[in-house]
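In this chain, numbering begins with 1 at the start of the sequence shown.
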Amino acid sequence: MSFLSRLKLRGGVHPVGRKELSAEAPICALPLPEHLYVSLQQHIGAPANAVVAVGDRVLKGQLIAASQGMVSAPVHAPTSGRVVAIGDHPAPHPSGLPVPTITIESDGEERWQEFDVPADPMALTPEEIANRVGAAGIVGLGGAAFPSAVKLNLSRKSGVTTLIMNGGECEPYLTCDDRLMRDRAREVVAGIRLIQRAVAAPQVLVGIEDNKPEAIAAMRAAAEGSEVQVLSVPSMYPMGSEKQLIQALTGKEVPAGGRAADIGVLVHNVGTAYAVHEALTYGRPLVSRIVTVSGGAASVPRNLEVLIGTPAQALYDFCGGFSRVPARLVMGGPMMGQEMNNPHVPVIKGTSGVLALTHEEIGQPSPAPCIRCSTCVRACPVGLLPLEMSAHIRAGDLGAAVDLGLKDCIACGSCSYVCPAHIPLVHYFNYAKGDLAAKERGKLKQEATKKLAEARNERMARIAREREEAARQRAAKKAAQEAAKKAAAEAAKQQENEVAA
């Protein structure tokens, strides 16, 4: 019996997958839309800063917004055309609040900018690979959207020994990674080997859920003869979560409050590996990605290759529109995705799917009082006490919730999914974490203000001391001058007396 078959993973749930809706059709390219709405904030960290102006002509792949700070990522033109607006546009978020966006009117020519392409990407140094990945604007395509170059550099410095590629794709409905591994396995493996070189990890493991046999077979064929090992992991949610996948493949657990690098592991998504291959082999920055269009209200579910900035409505239209009025539109998966308040929000780098769900699929029964069944405790993959944490949060005692492990919650939604009382537990946790983050920002701001006030007081005290010292020196100089005058006058009077005598 293999280690994986003997491994008992903590918690998790088995929601209805509905992956058969979109998994069987090959990837298809979405036709070029007339306008693309490219958000400057589509990654974790500081938003990119526009380097083009309204009226500028741009080429596909041209830099249009530069990264700001260490944790940030540049943004590139998804097609050739003209910049027609730089301003706010609705974001793919339940609030629908606008974010800074560059709008490009396509010229229909898809003219690429010329790139500096290395003769042999595998001959590049680890530093050069990381620099090119950063310049290409690549972020984690599993949904986290953390700038990939930052992870590469930090992992190399921390001495990562195991590179894990996440091909789990445990969210229901989503099949974009499955289809990518089936259709472009060789390119994905080539990208994996480049990431391995960038971090100098001696071991490379690809974890794919066992409900994707075609993807497993394709990836094993592509990896044959290389050091890349393709392994199947149990099909369960949230197997695609970093901590669960690490435990399933290595038996190691990431410590509470820690990072994967603390145990010598780096995790990247297979879609990210494909983007790395495109960037280093052809010089192409991240301007498109594979997106799953699915849900009970979608007429023809499938996987599309979509330019960043394409309105979600264009994806639905290409797939035949809606077979019935959707009850909810979701960007991402149904467990951790974001509800869209309208279908005109644009696809961003972290968009894995756009779902059109029916009333039957979402089910919204009213919450009832907790019956203390502890089902949520058994389902939590991190081993937390969701019912106790939510009780403290409702009582306003965030400190007690933190003591119970709130910061270790991965917001997977397993607890809410299994709760027989239909209590929106994960909403409480997300609210509390947002409140804690706001308080932390307030504390940092207060500390910064205090430091500024202390620095000002010190500066004013220094200026006062300098003024006092200057006044003392002036007084001493004046006294010395007066003493010199008095001595000169006495000497002159004495001289006069001597002459008179």
Give the minimum heavy-atom separation between [X] and [Y], together with the two atoms involved.
X	Y	value
R82	G55	CG-O, 3.8 Å
V54	I86	CG2-N, 3.9 Å
N342	L329	C-CD1, 4.5 Å
L357	E361	CA-OE1, 3.2 Å
A130	R156	CB-NH1, 4.2 Å
S67	P74	CB-N, 3.7 Å

When you measure from the side chain of [X] to the backbone N and O of [Y], does any donor-acceptor pair fall under 3.5 Å?
X	Y	result
S416	L425	yes
T351	V347	no
E209	M236	yes
Q203	T161	no
N211	S235	no
Y316	L355	yes
N303	S22	yes
K212	M181	no
R18	P172	no
R302	T292	no

Can you list everything that forms a side-chain contact (heavy atoms from CB on, under 4.5 Å) with R284? Sequence neighbours excluded, please.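 W112, E278, Y282.
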By side-chain contact (heavy atoms from CB on, under 4.5 Å), which residues pair with E360, not counting sequence neighbours?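 Only R324, T358 meet the side-chain contact (heavy atoms from CB on, under 4.5 Å) criterion with E360.
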Trace of the salt bridge (charged side-chain N to carboxylate O under 4.0 Å, His left out) decision for E242 with R259: CA-CA 10 Å; E242 181 178 273; R259 301 180 300 115; over 6 Å; no
Output the distance between atom [atom1] ([X]) and atom [atom2] ([Y]), rounded to the nearest 0.5 Å.
X	Y	atom1	atom2	value
K243	I246	NZ	CD1	9.0 Å
D262	K252	CG	NZ	11.5 Å
H43	S72	NE2	OG	3.5 Å
M239	C170	CE	SG	8.0 Å
I164	L249	CD1	CG	5.0 Å
I102	H76	CD1	NE2	11.5 Å

Heavy-atom distance under 4.5 Å between the side chains of [X] and [Y], does that happen here?
X	Y	result
I263	V254	yes
V345	Y37	no
L194	V133	no

Counting only heavy atoms not in [X] (residues, nucleotides, ligands), do more than 12 fall under 6.0 Å from its [atom1]?
X	atom1	result
Y431	OH	no
H422	NE2	yes
E20	CD	yes
R184	CZ	yes

Taking NZ, NE, NH1 and NH2 as the nitrogens, is one of them in R179 or E305 under 4.0 Å from a carboxylate oxygen of the other?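 A salt bridge is absent here (no side-chain N lies under 4.0 Å from a carboxylate O).
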For S241 and Q244, test the side chains for any donor-to-acceptor distance below 3.5 angstrom and give the result as yes or no.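 Yes, a side-chain donor-acceptor pair sits under 3.5 Å.
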